[in-house]
Enquirer: 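Attaching a single structure in structure tokens format; questions to follow.
Note that the numbering runs from 1 along the sequence shown for the chain.
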Amino acid sequence: MKSTAMTMLALLVFSGCANQVPRSANIEEFVGTRHPFAAESVYFLMTDRFVDGDPSNNHEDQGGAHPTFNLPLIGPDGQVANVGYMGGDFRGVLNNAAFIRDMGFTAIWMTPIVDNPDEAFAGGEPITFGGAFKDGGKTGYHGYWGVNFFQVDEHYPSSGLGYAELTAQLRDNFGIKTILDIVTNHGSPSFDMPVDQPKFGEIYGRDGTLLADHQNLPPEQLNPDNPLHQFFHTERDILQLSNLNDQNPAVVDYFVEAYDYWLEQGAAALRIDTIKHVPHHFWKQFSDRIRARHPGLFMFGESYDYNANFIAQHQLDKNGGISVLDFPGQQAMSKTFSTPGSDYADLLDYLHLTHGPYQNPYELTIFYDNHDMARMNASDAGFIDAHNWLFTSRGIPVVYMGSEMGYMRGTVEHQGNRNYYGQDNIELAKTHVIHQHLKQVANVRKSLPALQRGLQVNLDFGGDQAAFYRVLQYQGQAQTALVLLNKGDKPARFSVSRYMQSGLWQEQFSQQSRDLPADGVLDDEVPAHSVRIWLRQGQIEGADLLEKLRILTAHR
């Protein structure tokens, strides 16, 4: 059907080896973002809740009267959640690095690895199944109750496998970057305990020196003249968590040194917890100092707000130039892919491809759920559709552990959202239909720079169908990807002529090829709940598309 030469060309196109034009070529640049981290796709896991690869570090007897291991919350109809440690560790992550890599992910974001208290919190309101905004009876299994930000928590490392060894092996053996989850807004719960508990409300230095101690006092009773109280604000913020004093230069110094310590051990990027609870001037200082040591470091924050104008402020250079998780996008995606009969056009408003509030929308990390909200309550087909969109549209995709098999779908934090995943579920996931489709589309994104950093040119969005281009002309690469999405239950016909470029187009899943003239039309049928990605190599030649790309570039 094809000549040998044509077959070889098709193989080169699919592998991404034929996407280069001479570096000396003077071509107009079209690129969504120049930041290299945009090429990544991220698998997010809760370290303790992923896989117990080394039971010897479980510390099942820790906590005494306030035990920390396996603390179930019992709900109706046999439902169970848990607020204790469950055994996940570095060994469990490394043992499953091939599973994560083979799905198409190139980076792992793990919850914080720093030392947390060794008892369950005895203050606050007791947590119950399905409860929220209560910390009584919980442990620091999640990692966000830091005590010594220079010390790894004892539940995670194994002999010969500390954080530095983990990051090195992930990078060198699996091609996976490691994202460090950081907190500067708060430490551990710090007051309202019947009796002051060890480590709670305390901050230690790299050498183990006690730097700060809340002493079980409510914030308004702290003494600004007491050196042990100067790390804290005297106003309350989140529940009983210590409210760290971002106005104190010693606090800035502490966190710059602490997180530089982990970056030196191989962390490749930073995810920032509760970024909106800390003022912009803190992040400007932090960002400038960290990037002076690690130029170009990618950072993205959790500014839990659905107002794009609000979260966009973090991206401004004067505020530290820190990207953010796209919460408006999360809201739109979760609704669209959880609702049969929804309209693809409902996704357009959050993109902000031109004249939007973001300094760069292509650098946002995009997701449909995580550990702090209800998991997406979608069908298998809904998850497949969500991944088809997530890995082809603008932004850096982030997928929460277990979503490759729809794990605990629809549940919130204390109903099962954070339940232990485990090796048995990973083995089940490998044959799950969601996993199979995710693996296909994520690996295509992994191979195509156009899907990673290309400008997005929207065509038609309506009902169950969406069509758009991703276009990249940058640093010797010239690719155009045409994405056709169908989230309906029946095959859908597409006929695309707008901005169509002449030349050879190749579909990335089926390997079909079309050689189109300048005024050609690409007709295709996309199966139910599927995606087709047609790729053209070479510079943009059509005047109408060139003009559109110039507008997108000028007003991004």
Side-chain angles (χ1 to χ4, degrees), residues 1-2 6-19 39 41 101-106 337 344 380-394 397 399 403-405 429-454 456-457 459-461 464-472 477 479-496 500-501 503-516 520-538:
M1 185 170 62
K2 299 178 182 177
M6 183 63 76
T7 301
M8 289 301 296
L9 175 62
L11 290 172
L12 285 169
V13 170
F14 180 68
S15 67
C17 297
N19 64 349
S41 55
R101 176 202 61 198
D102 292 348
M103 271 193 291
F105 293 100
T106 60
F337 297 115
Y344 254 128
D380 289 355
F383 275 94
I384 292 168
D385 295 330
H387 295 148
N388 289 340
W389 168 256
L390 197 73
F391 284 85
T392 56
S393 61
R394 72 101 174 106
V399 175
S403 295
E404 62 270 19
M405 62 178 288
K430 291 177 181 178
T431 60
H432 200 283
V433 65
I434 298 175
H435 171 271
Q436 293 168 359
H437 286 263
L438 167 60
K439 183 176 181 178
Q440 290 178 337
V441 70
N443 276 291
V444 168
R445 183 189 190 274
K446 187 176 180 178
S447 71
L448 296 185
L451 292 182
Q452 301 162 9
R453 296 197 274 176
Q456 181 165 334
V457 182
L459 297 172
D460 298 309
F461 281 67
D464 290 330
Q465 297 176 235
F468 56 92
Y469 294 105
R470 298 293 304 276
V471 182
L472 181 71
Q477 295 173 324
Q479 289 186 337
T480 302
L482 171 62
V483 179
L484 306 176
L485 295 165
N486 175 22
K487 66 180 182 63
D489 295 330
K490 298 178 181 180
R493 296 294 307 178
F494 288 78
S495 183
V496 179
M500 182 54 63
Q501 303 294 294
L504 181 68
W505 291 80
Q506 184 172 38
E507 207 284 310
Q508 299 299 286
F509 301 107
S510 67
Q511 292 300 288
Q512 292 177 315
S513 296
R514 307 275 177 84
D515 198 352
L516 298 177
V521 177
L522 196 152
D523 292 308
D524 195 12
E525 181 172 273
V526 181
H529 302 288
S530 191
V531 57
R532 302 266 278 180
I533 300 171
W534 289 87
L535 183 70
R536 174 188 180 272
Q537 305 282 6

Enquirer: Check for a donor-acceptor pair, side chain of S393 on one end and backbone N or O of W389 on the other, with a separation under 3.5 Å.
Expert: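 Indeed, once roles are kept as given, a pair shorter than 3.5 Å links the two residues.
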Enquirer: Search all heavy atoms of Q479 against all heavy atoms of A450 and return the closest pair with its distance.
Expert: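 Looking at all heavy atoms of both residues, the shortest contact is OE1-N, 3.0 Å.
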Enquirer: What is the distance from atom CG of L448 to atom CZ of F391, rounded to the nearest 0.5 Å?
Expert: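 The distance works out to 13.5 Å.
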Enquirer: Rounded to the nearest 0.5 Å, how far apart are CG of L438 and NE2 of H432?
Expert: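 With rounding to 0.5 Å, CG (L438) is 11.5 Å from NE2 (H432).
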Enquirer: Just checking, any donor-acceptor pair under 3.5 angstrom between side chains of H529 and D489?
Expert: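 On atom types as modelled, these side chains qualify, holding a pair under 3.5 Å.
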Enquirer: Minimum heavy-atom separation for A492 to Q465, with atom names?
Expert: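 Nearest pair, atom of A492 first, then Q465: CB-CD, 3.7 Å.
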Enquirer: With L482, which of L459, I533, D524 fulfils side chain to side chain contact (heavy atoms under 4.5 Å, CB included)?
Expert: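 Going through the options one by one, the only one that passes is L459.
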Enquirer: Establish, from distance only, whether the side-chain atoms of Q512 and R532 form a donor-acceptor pair under 3.5 Å.
Expert: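 Present: a donor and an acceptor within the cut-off.
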Enquirer: State, to 0.1 Å, how close D380 and V433 come at their nearest heavy-atom pair, and which atoms those are.
Expert: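 Answer, listing the atom of D380 first, then V433: OD2-CG1, 3.8 Å.
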Enquirer: Go through the side-chain N and O atoms of D523 and S495 and say whether any donor and acceptor fall under 3.5 Å apart.
Expert: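 The criterion, which ignores hydrogens and geometry beyond distance, is satisfied for S495 and D523.
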Enquirer: Within the side chain of R536, is there an N or O that forms a donor-acceptor pair under 3.5 Å with the backbone of G503?
Expert: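 Between the backbone of G503 and the side chain of R536 there is no qualifying donor-acceptor contact (under 3.5 Å).
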Enquirer: Where do H437 and V441 land on the side chain to side chain contact (heavy atoms under 4.5 Å, CB included) test, with the steps shown first?
Expert: CA-CA 6 Å; H437 286 263; V441 70; over 6 Å; no
Enquirer: What are the two closest non-hydrogen atoms of Q511 and Q506, and how far apart are they?
Expert: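 Distance-wise, the nearest heavy atoms are OE1-NE2, 2.9 Å.
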Enquirer: Checking side chain to side chain contact (heavy atoms under 4.5 Å, CB included) for the pair Y469/V496: CA distance, chi angles, key distance, verdict?
Expert: CA-CA 11 Å; Y469 294 105; V496 179; 3.7 Å; yes
Enquirer: Shortest non-hydrogen contact from E525 to R493?
Expert: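 So the two residues come closest at CB-NH1, 3.1 Å.
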Enquirer: State, yes or no, whether a side-chain contact exists between F494 and D460 at a heavy-atom distance under 4.5 Å.
Expert: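 No - every pair of side-chain heavy atoms lies 4.5 Å or more apart.
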Enquirer: Give me the atom names and distance for the closest heavy-atom approach of P449 to Q477.
Expert: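 Smallest heavy-atom distance, with atoms named: CG-NE2, 3.5 Å.
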Enquirer: Test your reading of the model: is there a side-chain donor-acceptor pair from D464 to the backbone of N486, 3.5 Å cut-off?
Expert: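 No.
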Enquirer: Between K487 and Y344, is NZ or CZ placed under 6.0 angstrom from the six-membered ring centre and within 45° of the ring axis?
Expert: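 The answer is yes, since K487 meets both limits relative to Y344.
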Enquirer: Quick one: pull up CG in L535 and CD in Q508 and give me the separation to the nearest 0.5 Å.
Expert: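 These two atoms lie 5.0 Å from each other.
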Enquirer: Taking Q436 for the side chain and T431 for the main chain, is one N or O donor matched with an acceptor at less than 3.5 Å?
Expert: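 Yes: the side chain of Q436 pairs with the backbone of T431.
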Enquirer: State whether the side chain of T106 and the backbone N or O of S41 hold a donor-acceptor pair below 3.5 Å, judged by distance alone.
Expert: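 Indeed, once roles are kept as given, a pair shorter than 3.5 Å links the two residues.
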Enquirer: Would you compute the distance between atom CE of M103 and atom NZ of K430 and round it to the nearest 0.5 angstrom?
Expert: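 Answer for the CE-NZ pair, M103 versus K430, is 9.5 Å.
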Enquirer: Quick one: pull up CH2 in W534 and CE in M500 and give me the separation to the nearest 0.5 Å.
Expert: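 Those atoms lie 9.5 Å apart.
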Enquirer: Before giving the answer on side chain to side chain contact (heavy atoms under 4.5 Å, CB included), spell out for V531 and H387 the whole-Å C-alpha distance, their side-chain angles and the decisive distance to 0.1 Å.
Expert: CA-CA 10 Å; V531 57; H387 295 148; over 6 Å; no
Enquirer: After noting the C-alpha distance and the side-chain angles of V399 and F383, does the key distance pass the side chain to side chain contact (heavy atoms under 4.5 Å, CB included) rule?
Expert: CA-CA 11 Å; V399 175; F383 275 94; over 6 Å; no
Enquirer: How long is the gap from CD on Q452 to CZ on R445, to the nearest 0.5 Å?
Expert: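 The CD atom of Q452 sits 5.5 Å away from the CZ atom of R445.
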